[in-house]
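Everything below concerns the one structure shown next.
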Amino acid sequence: MSTDIVAKDLVDAARAIELADSVIGKAVRTLAATGGPDEQQVLAYDLAHASAAVETARSMLDYGAKGEVEATLTCAFVADMVQDLVSRLIGREKLWGVDPSVMAESHDFVSKFRDPRLLASLADKPGPRHLDDDHEMVQATFRSFATKMIAPHAEHVHRENLDVPEEIISGLAEIGAFGLTIPGEYGGFSEGGDGEYMASCIATEELSRASLGIGGSLITRPEILTRALVKGGTEAQKHEWLPKLASAEVMASVAVTEPDYGSDVASIKTTATPTQLDGKDGYAINGVKTWCTFAARSNVLMLLARTDPDRAKTHRGLSVLIVPKPRGEAHGFMFTQPHGGRMEGRPIDTIGYRGMHSYEIAIENWWVPADHLIGETAGLGKGFYYQMEGFENGRLQTAARAVGVMQAAYEAAFDYAQNRKSFGKNIGEYQIIRAKLGRMAVVIQGARQFSYAVAKLMGKGQGSMEASLVKAYVCKAAEWVTREAMQIHGGYGYAEEYAVSRLFVDARVLSIFEGADETLCLKVIARRLVETTR
Amino acid sequence: MNIVVCVKQIPDPASPGALDASTHALKRDGKLILDESDAYGVEMALQLVASAGSGEVYVVSMAPNGETSGMRTALAMGAARGLLVSDPALAGSDALTTAKVLAAAVTKLGGADLIIAGTESSDGYTGTVPEQIAECLGLPSVTFAKKVKIDGQVLKVDRQSETGYDEVECSLPAVISVTAGVVEPRYPSFKGIMDAKKKPLDVVTAGDLAVTPTGWAAAGQKIVNVTQAEARKAGTVIEDDGEAFGKIVAFLENLKLI
């Protein structure tokens, strides 16, 4: 069917976004007046996700102006966003304090772009990315690396629960993947600006397209530590650690979450107590950390600990320490220090996201020198802020990881649909399959373009809220896309021998790690919506 | 040790290509990428210069519309500068004219100790341009190089043959064509990609090089016809009656694989 997109459609799309935004604004004021996110959690959660979809749609408008396919994808995304908003609103109009008829103005637009025939027409039109020449080269480079170096290992590592092959780490180090955000004077080649955020996004998508577990997640942890060091490290610390992170001589894992305090980071109990050892100032660390991904292979833990015993200070009593450790075995490790310090890691088996491995780590009197506390004495009590600096970028990275997983799922489903016959013809010719593929293309391009937009904002020192929004939207979208890709494969999608089954279980982690979806929506997004919507 | 690598920028093989209906030539109006067969030459040049301890790698190319994307990839890999010859009058150039243009481009860069080209491009496959460049420049030419070593002013090449390889020596400067897989091309690094846009990449016309374009009309070669590739035939099914292994061995022997 001819899409016959005209400029008016994009104007209507912009108007639909404006209306949706006004609905959310009104509902947020209702939320603020009726107890806020802590009291009205379901409303707050719905508004956070609706807002994430609206901002994704808004970021698509520039993209839509670049061509007919781009415009069709954009309008289809906006229509999808409106449908999602209305479905969240219906039956809860009083709770939201919104008259649903406000969206009626966009009804014809939504009808046009939710037409199954239109979605089906987009099945094989995922749209160009519109990258500049440099970023196209970044994409081509990482696509080639991931295809040759990562993809051949992806299934085997997943099925056998093996480790990330070392040649992937060394190969990424040679390309410079770990030095992208490290300034030149510290062994990296960051030049500031949005280019490096974009490059990081693009690289992460391509690596994740090959494998979330052994490719797409390798850059995230070093970047989180890098951001914390750049933000709060002393000059000596930057010169000591950043060159090693850039070259992958030091690989990092993040030790923040605790068994009793998952998303409630400010309440963590692990302590770092000033302790002298052989006449040297330092800290003795005691506590239990969990979900420390990559902790066996890593050379250091970026560990958040309470350095102020006054628990009333909550997050203001926390500091970040760089904790060196030997490399351990994937099936578990136990290290001791001569004075009696002890660190024991127990692997947590997971249904997906294999290769990196995650651990619960019990730490007893593990001693580190005083200069391993980021910022040293000036960094005391600032650990929460330093790690948040890294986590914001981590959210953008996670969105890029989700886009990569979705892209792989779409390609697998598309390819399968072209070759699987049912009732006399390829299933890729049936409207129901084509409409699924079309909506996948719409969602993926929307997610990708929003992640690019957030990267540009973060390059300007902005985009904190948008990083949370993109993480919330894209990670949840990945669940739907991988679910539908698996569904298109029929029974074979449920078989481990088809990669789409790996993509499905891998996608589930995206809404859980790097800020659980519900916590992110209630504690970050909804709170910020209330603060900024008066 | 200065080395010039002749590189071709071609339409991305991952995208479906199209032929011009009248000339039967590949359409080149979109984005062009570095021919993978030339990435081997760039890598070999970078390794030879690194071994020599000094010198630079330059890349030259001929392409329509001022397209430089493929050359930027070579610069991102580590080449120091590039020279592109882009001129509408060169459309339809045959292999010999292409060789004349590239030879003139090499001369404009001040010559080189060694000139490297791929054995043949991935989209044209004439396989004659490197030798023609050597003739234009009056230099010795060694084809099908699978291993290259420079010993003072002597070039030592293991030259691929049907039965193995020949050990060939010649004096420098010289022109060599390298086979695919001769080295493992490096991936452009982030730093390389960022630095590439700062490296000099000059664009000149045929007139700047004092080369007379021949164009379609006067080209010494013509594509007279194009036909569809033969459809792949169905494979052979061998039923295992207990002796299937013998048939498989015979099949592989017939293909000279064992």
Side-chain angles (χ1 to χ4, degrees), chain A residues 124 126 128-150 167-168 170-184 186-204 206-207 219 222-223 246-248 411, chain B residues 7 9-16 29-40 42-43 46-47 50 59 61 63 65-79 82 84 86 122 180-181 183-199 201 203 232:
Chain A
D124 56 356
R129 301 181 186 201
H130 289 295
L131 298 172
D132 65 24
D133 287 347
D134 287 347
H135 289 127
E136 276 199 354
M137 201 185 301
V138 169
Q139 193 219 337
T141 298
F142 278 85
R143 169 77 54 105
S144 175
F145 178 85
T147 302
K148 289 178 185 167
M149 302 292 291
I150 296 175
E167 63 262 33
I168 294 176
S170 59
L172 285 175
E174 279 179 29
I175 299 176
F178 302 118
L180 186 60
T181 54
I182 295 175
Y186 306 117
F189 39 91
S190 165
E191 295 177 344
D194 58 24
E196 65 195 44
Y197 283 92
M198 275 289 286
S200 181
C201 252
I202 292 159
T204 296
E206 291 304 329
L207 298 174
I219 298 176
E223 280 226 354
S247 66
E411 290 175 18
Chain B
V7 300
Q9 303 175 94
I10 64 170
D12 189 344
S15 305
D29 42 8
K31 180 180 167 65
L32 303 178
I33 65 169
L34 179 66
D35 189 342
E36 190 173 346
S37 69
D38 289 326
Y40 299 105
V42 174
E43 178 62 37
L46 292 169
Q47 291 184 13
V59 289
S61 187
N65 306 327
E67 177 63 40
T68 59
S69 299
M71 296 183 79
R72 291 279 177 203
T73 300
L75 296 177
M77 289 172 71
L84 172 71
S86 190
S122 302
V183 284
E184 183 63 34
R186 69 193 64 187
Y187 295 98
S189 68
F190 271 127
K191 185 173 188 333
I193 292 169
M194 289 178 184
D195 288 347
K197 59 189 169 193
K198 302 171 194 159
K199 292 179 177 176
L201 205 172
V203 182
R232 194 166 60 177

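Fair warning: this is a prediction, and the values are worked out from it, not measured in the lab. Letters A, B, ... are given to chains in the order of the sequence lines, protein chains preceding strands, and every chain is numbered from 1.
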**Message:** Let me confirm one number: the CG-CE distance from B:Leu34 to A:Met137, rounded to the nearest 0.5 Å.
**Reply:**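 Interatomic distance, B:Leu34 CG to A:Met137 CE, rounded to 0.5 Å: 9.5 Å.
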**Asked** What is the distance from atom CG of A:Asp133 to atom OG1 of B:Thr73, rounded to the nearest 0.5 Å?
**Response**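 It comes to 9.5 Å.
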Does [X] reach the side chain of [Y], with side-chain heavy atoms less than 4.5 Å apart?
X        : Y        : result
B:Met194 : A:Leu180 : yes
A:Asp134 : B:Lys197 : yes
A:Phe142 : B:Phe190 : yes

Exercise. By a 4.5 Å heavy-atom criterion (distance strictly below it), what part of A:Ala140 contacts chain B: side chain, backbone, both, or neither?
Worked result: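 Interface part for A:Ala140: neither.
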- Query: How far apart are the closest heavy atoms of B:Glu36 and A:Lys148, and which atoms are they?
  - Reply: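 In terms of heavy atoms, the two residues are closest at OE2-NZ, 4.1 Å.
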Heavy-atom pair of closest approach, residues A:Glu174 and B:Ser189: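 Distance-wise, the nearest heavy atoms are O-CB, 3.9 Å.
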**Message:** Within a 6.0 Å radius of atom NZ on B:Lys191, are there more than 12 heavy atoms belonging to other residues, nucleotides or ligands?
**Reply:**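 No, because the 6.0 Å sphere around NZ of B:Lys191 holds 12 heavy atoms or fewer from other groups.
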